[in-house]
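Read the structure below first, then the notes.
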Amino acid sequence: MSRIAIVGGGIAGVTAAAALAADGHEVALFERESQLGYHASGRSAAVFEENYGNATIRAFNRATAPVLTGMNALTPRGIMLVAGADQSHGFRADVAELDMREIPVVEARDRVPILSDSVAFAAINMGASDIDTDAVLQGFVKAARTHGARIETGARVEAISPGHGLRVSGSELPADIVINAAGAWADEMAGLAGVPGLGLQPYRRSMARLPAPGGHDVRDWPMLLGAGESWYAKPDAGGWIVSPAEEDPVDPMDAWADDMVLAEGLDRYAAFVTEPVTRVEANWAGLRTFAPDRSLVIGEEPLAPGFFWLAGQGGYGFQTCASAALHLSALIAGQPSPLGRAVTRAVSPERFRPGQA
Ligand SMILES: Cc1cc2nc3c(=O)[nH]c(=O)nc-3n(C[C@H](O)[C@H](O)[C@H](O)COP(=O)(O)OP(=O)(O)OC[C@H]3O[C@@H](n4cnc5c(N)ncnc54)[C@H](O)[C@@H]3O)c2cc1C
């Protein structure tokens with residue numbers, strides 16, 4: 001069994017801590033902020049949609065679903081796609097991509113009565129669920145601690161010596177293995193370990209919370225998605241959240257919503273509904289960090305044995321979390337991954353280090 005240090009206390013880090021501690025490793029997780037899930041993991045839209053993401057991501061989605069179901073963390077929600085008369089091409093592409101069923105606009109309006117005359121096409125997929133992201137994060141924290149993992153907040157990783165240890169808030173600590181679950185800062189962590197980054201790029205995505213439109217009871221409405229992921233909206237704790245669904249590349253940071261981007265996104269949404277946006281109760285933004293090919297990065301760094309990546313979760317970090325951690329634990333145990341060899345290759349960091357494996 002190994003001494004394993006995990007950098008990052010978002011959903012990736014805590015899920016890995018739970019899986020690796022359950023395997024019997026001596027696990028310590030370090031989170032720089034004073035609370036877990038402060039960055040991307042505290043800002044998600046909390047949707048589980050099995051068909052969202054490329055084929056590799058979908059394999060992780062499918063394998064995570066039973067775990068989240070077992071935690072009672074999934075509640076059926078459904079996604080309804082809406083499009084204008086000039087968006088038929090994008091609409092058809094989304095229907096195929098998300099395995100949706102086209103429905104008459106009148107039926108769409110029965111489900112969500114605020115749809116305006118601009119809606120020319122509609123489709124639905126009732127397979128999508130809400131994720132209780134707090135319950136998932138806390139559930140894995142509890143499981144990790146039950147198996148003896150140490151979880152420290154306010155603990156900044158400052159240096160990494162792969163195979164030997166790391167420096168955390170001024171203290172040197174031994175570790176056989178370091179897991180890089182630092183989200184938007186994952187390439188920065190590679191720098192601390194003396195290896196080049198992989199080109200992981202954080203993209204900002206903003207969100208606005210509005211009062212329930214027109215005072216409707218929105219609790220049973222499906223999520224609404226604008227064609228080409230141009231905006232989305234969904235019920236949230238009795239209110240209504242709307243996202244411009246932007247993907248603006250930014251440096252790793254404590255992200256905030258850009259007023260102009262938010263206003264333009266709210267305009268795109270408002271074109272498809274009858275209720276005007278009169279008040280924004282709150283807004284926020286988070287970073288979705290993608291590898292260049294939009295697949296996860298999980299595996300040992302070929303240039304630094306003992307340094308493992310668990311990064312590039314993009315917009316899928318919750319819906320892939322459990323199987324990503326099980327995949328990592330299989331790699332560390334030197335066992336075949338339950339996700340198979342093709343997926344193992346597709347997420348390995350070796351794909352970005354040709355000739356160096
Ligand atoms: C607006 C938005 C909507 C989303 N919607 C969904 C959705 O519907 N479904 C879904 O599955 N996913 C969704 N996502 C994606 C999901 O939230 C992320 O993929 C996931 O949270 C990433 O988790 P993480 O643990 O990798 O990163 P983070 O949660 O960002 O955690 C990384 C942590 O590493 C810490 N760290 C960095 N450097 C150091 C250091 N030197 N020392 C110690 N700690 C350090 C940071 O402080 C941070 O807390 C969404 C994301 C956003 C922003």
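Nothing fancy with the numbering, it's 1 onward along the sequence. Start at 1 and go down the list; that is how both ligands and their atoms are numbered. Values in this document were obtained by computation on a predicted structure and should not be read as measured data. No hydrogens, no waters, no symmetry mates; every other heavy atom, side chains included, goes into these values.
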- Does one side chain, of Tyr52 or Glu229, offer a donor that lies under 3.5 Å from an acceptor on the other? yes
- Other than Leu287, which residues form its hydrophobic cluster under the rule that side-chain heavy atoms must be closer than 4.5 Å? Val250, Met253, Trp256
- Winner among Gly315, Ala257, Ala16 once heavy atoms are compared against atom 10 (C) of ligand 1: Gly315
- Item | Structural part of Ser243 in contact with ligand 1, heavy atom criterion under 4.0 angstrom | neither
- Note on the structure: Only one of Arg204, Arg205, Arg288 passes salt bridge (Lys or Arg N to Asp or Glu O under 4.0 Å) with Glu246, and that residue is Arg204
- Query: Does a donor on one side chain sit under 3.5 Å from an acceptor on the other, for Thr64 and Ser323?
  - Reply: yes
- Within 4.0 Å of some non-hydrogen atom of Glu33, the atoms of ligand 1 are 47 (O)
- Any heavy atom of Glu188 under 4.0 Å from ligand 1? The part involved is neither
- Query: Which heavy atom in Ser295 sits nearest to a heavy atom in Ala291, and how many Å separate them?
  - Reply: O-CB, 3.5 Å
- Item | Test of proximity, Trp185 against ligand 1: N or O pairs below 3.5 Å | no
- Item | Protein contact to atom 53 (C) of ligand 1 [nearest heavy atom, distance to 0.1 Å] | Gly286 C, 3.3 Å
- Could you see which bit of Ala155 sits under 4.0 Å from ligand 1, with heavy atoms only: side chain, backbone, both or neither? backbone
- With backbone taken as N, CA, C and O and side chain as the heavy atoms from C-beta onward, which portion of Leu287 lies under 4.0 Å from ligand 1: side chain, backbone, both, or neither? backbone
- Task: Give the numbers and elements of all ligand 1 atoms closer than 4.0 Å to a heavy atom of Ala46.
- Result: 7 (C), 8 (O)
- Please say which of Pro213, Pro211, Pro113 ends up in a side-chain contact (heavy atoms from CB on, under 4.5 Å) with Glu275. Pro213
- Message: For Asn283 and Ser206, which I'm curious about, is there any donor-acceptor pair between the side chains at under 3.5 Å?
- Response: no
- Item | Min N/O separation Arg32 to ligand 1 under 3.5 Å | yes
- Mutual orientation of the aromatic rings belonging to Trp231 and Tyr269 [parallel < 30°, tilted 30-60°, perpendicular > 60°]: perpendicular
- Contact atoms of ligand 1, heavy-atom distance to Ala45 under 4.0 Å: 3 (C), 4 (C), 5 (N), 6 (C), 8 (O)
- Minimum-distance protein heavy atom relative to atom 26 (O) of ligand 1: Gln313 OE1, 3.3 Å
- Message: If you measure every N or O of Ala12 against every N or O of ligand 1, does any of those distances drop under 3.5 Å?
- Response: yes
- Item | Residue, atom name and distance, where the atom is the protein heavy atom closest to atom 51 (C) of ligand 1 | Arg288 CG, 3.5 Å
- Item | Nearest protein heavy atom with distance in Å, relative to atom 9 (N) of ligand 1 | Val47 O, 3.0 Å
- Task: With heavy atoms of Met207 as the reference, note each atom of ligand 1 found under 4.0 Å away.
- Result: 1 (C)
- Enumerate the atoms of ligand 1 whose separation from the nearest heavy atom of Ala181 is less than 4.0 angstrom. 32 (C), 34 (O)
- Under 4.0 Å from any heavy atom of His39, which atoms of ligand 1 are there? 30 (O), 46 (C), 47 (O), 48 (C), 49 (O)
- Item | Nearest neighbour in protein (non-hydrogen) for atom 48 (C) of ligand 1 | Glu31 OE1, 3.4 Å
- Item | Stepwise side-chain contact (heavy atoms from CB on, under 4.5 Å) test for Ile179 and Ile332 | CA-CA 10 Å; Ile179 311 285; Ile332 287 177; 3.6 Å; yes
- Hey, is Arg43 close enough to Asp254 for a salt bridge, meaning N to O under 4.0 Å? yes
- Task: Have a look at Ser41, Ser34, Gly10 and point out the one with the heavy atom closest to atom 23 (O) of ligand 1.
- Result: Ser41
- Query: Under 4.0 Å from ligand 1, counting heavy atoms only, is it the side chain of Met189, its backbone, both or neither?
  - Reply: side chain
- Please work out which of Ala40, Gly314, Ser44 has its closest non-hydrogen atom nearest to atom 15 (C) of ligand 1. Gly314
- Task: Please report the C-alpha distance between Lys234 and Trp221 in whole Å, then the side-chain angles of each, then the deciding distance to 0.1 Å, and finally whether the side-chain contact (heavy atoms from CB on, under 4.5 Å) criterion is met.
- Result: CA-CA 8 Å; Lys234 73 179 282 243; Trp221 289 6; over 6 Å; no
- Message: Please list, in number order, the atoms of ligand 1 under 4.0 Å from a heavy atom of Arg205.
- Response: 1 (C)
- Judged by modelled atom types alone, do Asp187 and Gln201 share a side-chain donor-acceptor pair under 3.5 Å? no
- The protein heavy atom nearest to atom 42 (N) of ligand 1 is Val157 N, 2.9 Å
- Query: Taking C-beta and beyond as the side chain, do Phe30 and Arg150 meet within less than 4.5 Å on heavy atoms?
  - Reply: yes
- Item | Min side-chain heavy-atom separation Thr75-Ser129 under 4.5 Å | no
- Query: What atoms in ligand 1 come closer than 4.0 Å to a heavy atom of Phe30?
  - Reply: 43 (C), 44 (N)
- Which atoms form the tightest heavy-atom contact between Thr15 and Cys321, and what is the distance? CG2-O, 3.4 Å
- Task: Give the residue and atom name of whichever protein heavy atom lies nearest to atom 34 (O) of ligand 1, and the separation in Å to one decimal.
- Result: Gly8 CA, 3.3 Å
- Select one of side chain, backbone, both or neither to describe which atoms of Arg43 lie under 4.0 Å from any atom of ligand 1, heavy atoms only. backbone
- Query: Do NZ/NE/NH1/NH2 and the carboxylate oxygens of Glu102 and Arg92 come within less than 4.0 Å?
  - Reply: yes
- Message: Heavy atom to atom 27 (O) of ligand 1, shortest distance: which of Ala184, Gly317, Gly183 holds it?
- Response: Gly183
- Message: Checking the N or O distance criterion of under 3.5 Å, is ligand 1 in contact with Ile131?
- Response: no
- Query: Would you call the rings of Phe60 and His327 parallel, tilted or perpendicular, where under 30° means parallel and over 60° means perpendicular?
  - Reply: perpendicular
